[in-house]
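Only one structure is covered here, and it is reproduced in the block below.
Lettering follows sequence order; numbering is per chain, from 1.
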Number of protein chains: 2
Amino acid sequence: MFTIGEFSRITGLTIKTLRFYHERGLLTPAFIDPGSGYRHYDPRNLDTARVIKALRDLEFPLEDIATILAECGDDEDLIEHLARQRRDLAAKLTHYQNLTRQIDQLITQQREIREATAMHQQDHNVTERDVEPILIAGIRIKGRYSDCGKVFGQLAKKVGRHIGGKAMCLYYDGEYKEDDADIEPCFPIRKEVEAEGVSLRPLPPVRCVTLVHQGPYDTLGRSYATIMEYAKSKGYQLELPTREVYLKGPGMIFKGNPRKYLTEIQLPIKS
Amino acid sequence: MFTIGEFSRITGLTIKTLRFYHERGLLTPAFIDPGSGYRHYDPRNLDTARVIKALRDLEFPLEDIATILAECGDDEDLIEHLARQRRDLAAKLTHYQNLTRQIDQLITQQREIREATAMHQQDHNVTERDVEPILIAGIRIKGRYSDCGKVFGQLAKKVGRHIGGKAMCLYYDGEYKEDDADIEPCFPIRKEVEAEGVSLRPLPPVRCVTLVHQGPYDTLGRSYATIMEYAKSKGYQLELPTREVYLKGPGMIFKGNPRKYLTEIQLPIKS
DNA sequence: TGTACGGCCTCCCCTTGGTGGAGAGTCAAG
DNA sequence: CTTGACTCTCCACCAAGGGGAGGCCGTACA
């Protein structure tokens, strides 16, 4: 017979835990002194304690352990319980796999944004450059600029895993339109994927006049004025669709500070 | 301004949860009617709610979320929080990986035991057969039979991952010894591994007289008597070490019923 | 103006698997 | 007899809310 302290040292279960298991009927001491209320454990309790500990190490709920203790006298009887617990554990496993993947994506995106921001921080002047060809997935709509957000949401749902760059928008109108602008929000993607309602195609390489706009979207007009003026002074003829690349916009979690948003305007030049 | 019900429908957070977040200071309604105590939310609350929800989906603790809301105005400020959370999630991930692996091992072992039991259930008679060569990891000791348990424990710790069969014991004494028997508990293993204090070597193929004993270990003597008698009647000369294979013994979790234990006695014949 | 119904309020208890502490009783040694 | 170590019961606490009771509020309809 062991006192609770001795039994605790032997089994590695804390005294509190032993009292708790007693209360829950999992591990009833062999003898309880009616006068003092002291618990006394015997070697058979030791077996039970070992079993409970082994099952708790596998994170079986106490309720299941109670059932198992009542029903099973042999490892053989355990198999279906083990299988069920395995399923539960596997579910948690995939759950945490998904979460880590998601968080990894967030971190990666954040890194990319940081790099892009560092790269474009300096030049807020009009420049000319050759824009590489790129594979995009887009949804072309007629509507307002403010509808873009929802469309980006849809796109992220459909091709989210394959996104390989900053969100963009293609503008098919030569002029500003309020209500039924012809817009195509899109994402660069890494490989060919099928998705319903999504247009998947390469954008051709093209020489562009570009300008990185810093600030909220409602001040984009000023940057358009600047870049247009430049194109006109050079006598360039422009092509459609024009592009906007959202180098840094509202984040995935926080909206961030609109005065730090960076948007690259790309106006393709007719060659 | 939205009532709590409207806000709940918009954000997808339950009313209970909204009240709870209010209590915890995470999401304080824009206005509280002093007369009725009704909570009223405004669009800025909506942003905060979105952030909280996104972070909760990544299983950030509420306390961390509170810190983040207080400190971060931008996704950029989030990165180290994200990294920390990623570590925590990854820890859980490997934790559950280990658990599922362990439980898989248990299930596999159980299957093997079941098959072995089914195979050997019928023949409790003395038979002769050629025992295949086998790679074993063992620890040879001088002591009592009852010390085997601990040694099996040590072995399991050192080569546990590579065990590929039933536990065995080799007996190097020609006679029964009480206190300083020359015994080698061992496990069949699948591939060559190094482990301190463990002897790793192949057992040669050998022709044996064998008998499957059913029952607790303290009745093994009777089976030894039977098999010895048989060997003598055939005029066989026996070789050392003799072997015991524990086809079914105490389980990993439960001790099981000793009357169902199956132990195969193998006595090598000198050829 | 009464009332019915839905929405909202606070307050309390419940979940899992224990942990921590307060205050009081018990045991053995010196 | 005292001291110190052990043990007892009872209560509160953790995370992140869920469930429900009992009562107030607001509005629509008769």
Side-chain angles (χ1 to χ4, degrees), chain A residues 1-41 45 49 51-69 85 88-89 91-92 95-96 99, chain B residues 1-41 45 49 51-69 85 88-89 91-92 95-96 99:
Chain A
M1 298 284 262
F2 313 108
T3 67
I4 198 171
E6 292 161 355
F7 198 70
S8 161
R9 260 163 271 142
I10 295 170
T11 58
L13 298 163
T14 70
I15 293 181
K16 285 281 191 190
T17 304
L18 287 171
R19 288 205 268 253
F20 181 63
Y21 287 169
H22 179 198
E23 181 195 329
R24 301 293 297 269
L26 277 168
L27 182 52
T28 308
F31 168 70
I32 298 169
D33 188 321
S36 65
Y38 278 29
R39 295 169 178 83
H40 296 275
Y41 295 84
N45 286 137
V51 173
I52 297 177
K53 202 158 188 288
L55 294 177
R56 275 304 295 154
D57 285 347
L58 296 171
E59 300 200 355
F60 276 81
L62 290 187
E63 202 173 342
D64 291 15
I65 296 181
T67 313
I68 291 171
L69 285 175
Q85 180 68 359
D88 294 357
L89 291 174
K92 290 191 183 181
H95 176 70
Y96 285 112
L99 285 187
Chain B
M1 298 284 261
F2 312 108
T3 67
I4 197 170
E6 292 162 353
F7 198 70
S8 161
R9 260 163 272 143
I10 295 170
T11 59
L13 299 164
T14 70
I15 293 181
K16 284 281 190 189
T17 303
L18 287 171
R19 287 205 269 252
F20 181 63
Y21 288 170
H22 180 197
E23 183 196 328
R24 300 294 299 269
L26 277 168
L27 183 53
T28 308
F31 168 71
I32 298 170
D33 188 321
S36 66
Y38 278 28
R39 293 168 178 83
H40 296 275
Y41 295 84
N45 287 137
V51 174
I52 297 178
K53 199 158 189 287
L55 294 177
R56 276 303 296 153
D57 284 349
L58 296 171
E59 300 200 356
F60 275 81
L62 290 187
E63 202 172 343
D64 291 15
I65 297 181
T67 313
I68 291 172
L69 285 174
Q85 180 69 357
D88 294 357
L89 292 175
K92 290 192 183 181
H95 174 70
Y96 285 111
L99 285 187

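Interface residues of residues 55-68 of chain A facing DNA chain C, ordered by number: R56(A), P61(A), L62(A); criterion, heavy-atom separation under 4.0 Å.
Heavy atoms from other residues, nucleotides or ligands lying under 6.0 Å from CD of E63(B) number 12 at most.
Between L27(A) and F7(A) there is a side-chain heavy-atom pair separated by less than 4.5 Å. Side-chain contact between H22(B) and T28(B) is present, with heavy atoms from C-beta onward closer than 4.5 Å. With a 4.5 Å cut-off on side-chain heavy atoms, L62(A) and Y21(A) count as touching. For the pair L99(A) and E59(B), the minimum side-chain heavy-atom distance is below 4.5 Å.
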Every protein N/O within reach of nucleotides 3-7 of chain D N/O, cut-off under 3.5 Å:
unit_1, atom_1, unit_2, atom_2, d
dC6(D), O2, Y38(A), OH, 3.3
dT7(D), OP1, T3(A), OG1, 2.9
dT7(D), OP1, G5(A), N, 2.9

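Distance, R24(B) CZ to dG17(D) P: 9 Å, rounded to whole Å. Rounded to an integer number of Å, the gap from CG of D33(B) to C1' of dG7(C) is 14 Å. The distance between atom CZ of F7(B) and atom P of dC8(C), rounded to the nearest whole Å, is 13 Å. Look at CZ on F20(A): it is 19 Å from P on dG21(C), rounded to the nearest Å. Rounded to whole Å, atom P of dT16(C) lies 12 Å from atom NZ of K92(A). Atom CD of E23(B) is separated from atom P of dC14(D) by 11 Å (rounded to the nearest Å). Taking atom CE of residue M1(A) and atom C1' of nucleotide dC27(C), one finds them 16 Å apart after rounding to whole Å. A straight line from CG of L13(B) to P of dA16(D) spans 14 Å, rounded to a whole angstrom.
In this structure, T14(A) reaches the dT19(C) phosphate: one of its side-chain N or O atoms is under 4.0 Å from OP1 or OP2. Y21(B) has no side-chain polar atom (N or O) that falls below the 4.0 Å cut-off from OP1 or OP2 of dA16(D).
In this structure, CD1 in I52(A) is found 5.0 Å from CG in L26(A), a value given to the nearest 0.5 Å. Summarising the geometry, atom OH belonging to Y41(A) is positioned 11.5 Å from atom CD1 belonging to I10(A); distances are rounded to the nearest 0.5 Å.
Between the base of dG17(C) and the side chain of K16(A) there is no donor-acceptor pair shorter than 3.5 Å.
Taking both residues in full, the closest heavy atoms of P61(A) and Q85(A) are given as CD-OE1, 4.0 Å, listed atom of the first, atom of the second, then distance.
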Let's go through R39(B) and R19(B) carefully: what are the C-alpha distance in whole Å and the side-chain angles of both, what is the deciding distance for side chain to side chain contact (heavy atoms under 4.5 Å, CB included) to 0.1 Å, and is it a yes or a no?
CA-CA 9 Å; R39(B) 293 168 178 83; R19(B) 287 205 269 252; 3.4 Å; yes
